[in-house]
Amino acid sequence: MTKPIDWDLDDKKIATLRMQDTENKNVFSHAFVEAFLATFDEIEEAEPRVLVIRGLDDVFSGGADRESLMELAAGKIVVRDLVLSERLIHARFPIIAAMEGHAMGGGLVIGLCSDIVLMANESRYGAVFINMGFTPGMGTTTLLPLLVGPYLASEMMMTGRRYRGKELKGLGVHVNDILPKAEVLPKARDLALQIAEKNPKSIALLKAALSTPKKKLLIDARAQEDLMHHLSFGFPETKAIIHEFYAGK
Amino acid sequence: MTKQEIVDVIKKNIADNLDDIDVKDIDPTKSMKDYGANSLDIIEVVSCSMRDLDIRIPRSELADIGNIDQLADKFLENIGKK
């Protein structure tokens, strides 16, 4: 059986983290997030010059799994997901999110927490939290406006729509690039090579400086998202919508 | 509303959601997958069509549908009932 998450380091000191849980389509189950964090520890220890995060070719990540949502709905506090955002934003090396496949909810947040974001024309991206009746988490409420602009961010969070990459490009989303799927990884590789050949100490300084606004935004997000989750998951309507969403699955 | 009108709504949403497909080239006996739709494209076409038709059908009832024509039949059963 292949591991749900694997990583490697090449001779240019470019690390690649691959989310490859084909069975569950990279949803954030307990085990998956634990594996992600453990992998991230190993990568930090190896001190790469840059990290490329990729998923499966059809799915980057689907976000939280049913069990985690049920726990939240039951009033338990799940801090694990926020830890994921924090770890990515606080990394000492640049992170490139090569989002060839769909990214929904928490999956999209991985992109929001990266330094460079590449999307595919054919895949879909959504802040889908509201479709299941509750407010967005993991930093989405403050980080998404930074990535796509405040008005489109509001639309994405309020409608829960799953936008095609190509459509986002037409809406003027300023990620690094939105390309045909087959070109996403080569482009990520090219950018990684360009970064990896620079002075790593200066890159690390730059990374720390450039990620400061995101660190602050994440602190703001945590305050408002925790409060909203506390209220939102407490509504009986939310539980009913989550149950209906997963009915028959 | 007739079945043909429902099929037209679905076709319009397929053309809106996929690249390089003209409404007149869509054959209802085929699956959306035959036109290159991925799983989320299908979800989007279904939810846009339900919104246009003002109907709501739980996802579990849509799991066994194999082509556009069967989807239209399912929608037709639900028209006007809330």
Side-chain angles (χ1 to χ4, degrees), chain A residues 22-27 55-63 66 99-105 107-108 119-128 130-133 155-156 158-171 178-182 240-249, chain B residues 9-23 25-26 30-82:
Chain A
T22 38
E23 194 182 333
N24 298 308
K25 298 287 178 196
N26 292 341
V27 295
L56 299 162
D57 62 357
D58 58 339
V59 180
F60 184 75
S61 168
R66 180 187 191 169
M99 306 169 91
E100 293 163 279
H102 308 306
M104 296 296 145
L108 183 67
M119 293 178 170
N121 284 332
E122 302 90 330
S123 295
R124 289 185 181 262
Y125 306 90
V128 294
I130 203 76
N131 293 349
M132 282 159 285
E155 180 186 311
M156 290 179 80
M158 288 175 175
T159 65
R161 229 171 82 72
R162 303 165 183 89
Y163 297 74
R164 295 189 82 202
K166 198 176 178 184
E167 191 182 353
L168 289 176
K169 189 154 65 175
L171 291 168
I178 304 177
L179 313 151
K181 195 187 243 186
I241 295 168
I242 295 173
H243 280 284
E244 190 195 314
F245 192 86
Y246 285 108
K249 278 198 100 182
Chain B
V9 167
I10 299 170
K11 282 184 178 179
K12 175 188 100 46
N13 283 306
I14 293 172
D16 283 351
N17 274 283
L18 297 175
D19 287 333
D20 307 323
I21 288 171
D22 200 287
V23 168
D25 299 328
I26 300 171
K30 292 199 166 171
S31 158
M32 286 185 235
K33 286 183 188 153
D34 296 326
Y35 296 103
N38 60 46
S39 58
L40 287 180
D41 292 332
I42 294 172
I43 290 177
E44 198 59 35
V45 169
V46 169
S47 62
C48 289
S49 302
M50 290 202 289
R51 206 173 303 125
D52 290 343
L53 297 166
D54 195 22
I55 52 176
R56 260 186 94 119
I57 304 170
R59 299 196 329 169
S60 52
E61 287 185 35
L62 299 169
D64 300 328
I65 288 171
N67 65 29
I68 297 162
D69 191 70
Q70 290 168 10
L71 182 64
D73 282 332
K74 188 77 197 174
F75 283 172
L76 188 61
E77 280 172 32
N78 284 269
I79 293 279
K81 97 180 170 194
K82 280 267 176 117

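Chain naming here is simple, since letters A, B, ... match the order of the sequence lines and numbering starts at 1 in each. Below, all heavy atoms of this structure are taken into account, side chains as well, without hydrogens, waters or symmetry copies.
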I'd like to verify something: which residue of Met104(A), Glu122(A), Arg164(A) has the highest number of heavy-atom pairs under 4.5 Å with chain B?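 Highest number of pairs under 4.5 Å: Arg164(A).
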Using the test side chain to side chain contact (heavy atoms under 4.5 Å, CB included), find all partners of Asp57(A) that sit at least two apart in sequence or belong to another chain.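 In terms of side chain to side chain contact (heavy atoms under 4.5 Å, CB included), with neighbours along the sequence ignored, Asp57(A) is linked to Glu100(A).
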Partners meeting side chain to side chain contact (heavy atoms under 4.5 Å, CB included) with Arg56(B) (sequence neighbours left out):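 Here the qualifying residues are Glu244(A).
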Does any part of the side chain of Phe75(B), heavy atoms only, come nearer than 4.5 Å to the side chain of Val46(B), both counted from C-beta?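 They are in side-chain contact.
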Do Asp41(B) and Arg124(A) have side-chain heavy atoms sitting under 4.5 Å apart?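 When only atoms from C-beta onward are counted, Arg124(A) and Asp41(B) do touch, with a gap below 4.5 Å.
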To the closest 0.5 Å, what do you measure between CD1 (Ile178(A)) and CG (Leu168(A))?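 Going from the CD1 atom of Ile178(A) to the CG atom of Leu168(A) covers 5.5 Å.
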Who pairs with Asp20(B) by salt bridge (Lys or Arg N to Asp or Glu O under 4.0 Å), at least two apart in sequence or on another chain?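 Asp20(B): no salt bridge (Lys or Arg N to Asp or Glu O under 4.0 Å) contacts found.
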Who in residues 11-18 of chain B is close to chain A, using a strict under-4.5 Å heavy-atom cut-off?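 Asn17(B), Leu18(B) fall under the 4.5 Å cut-off.
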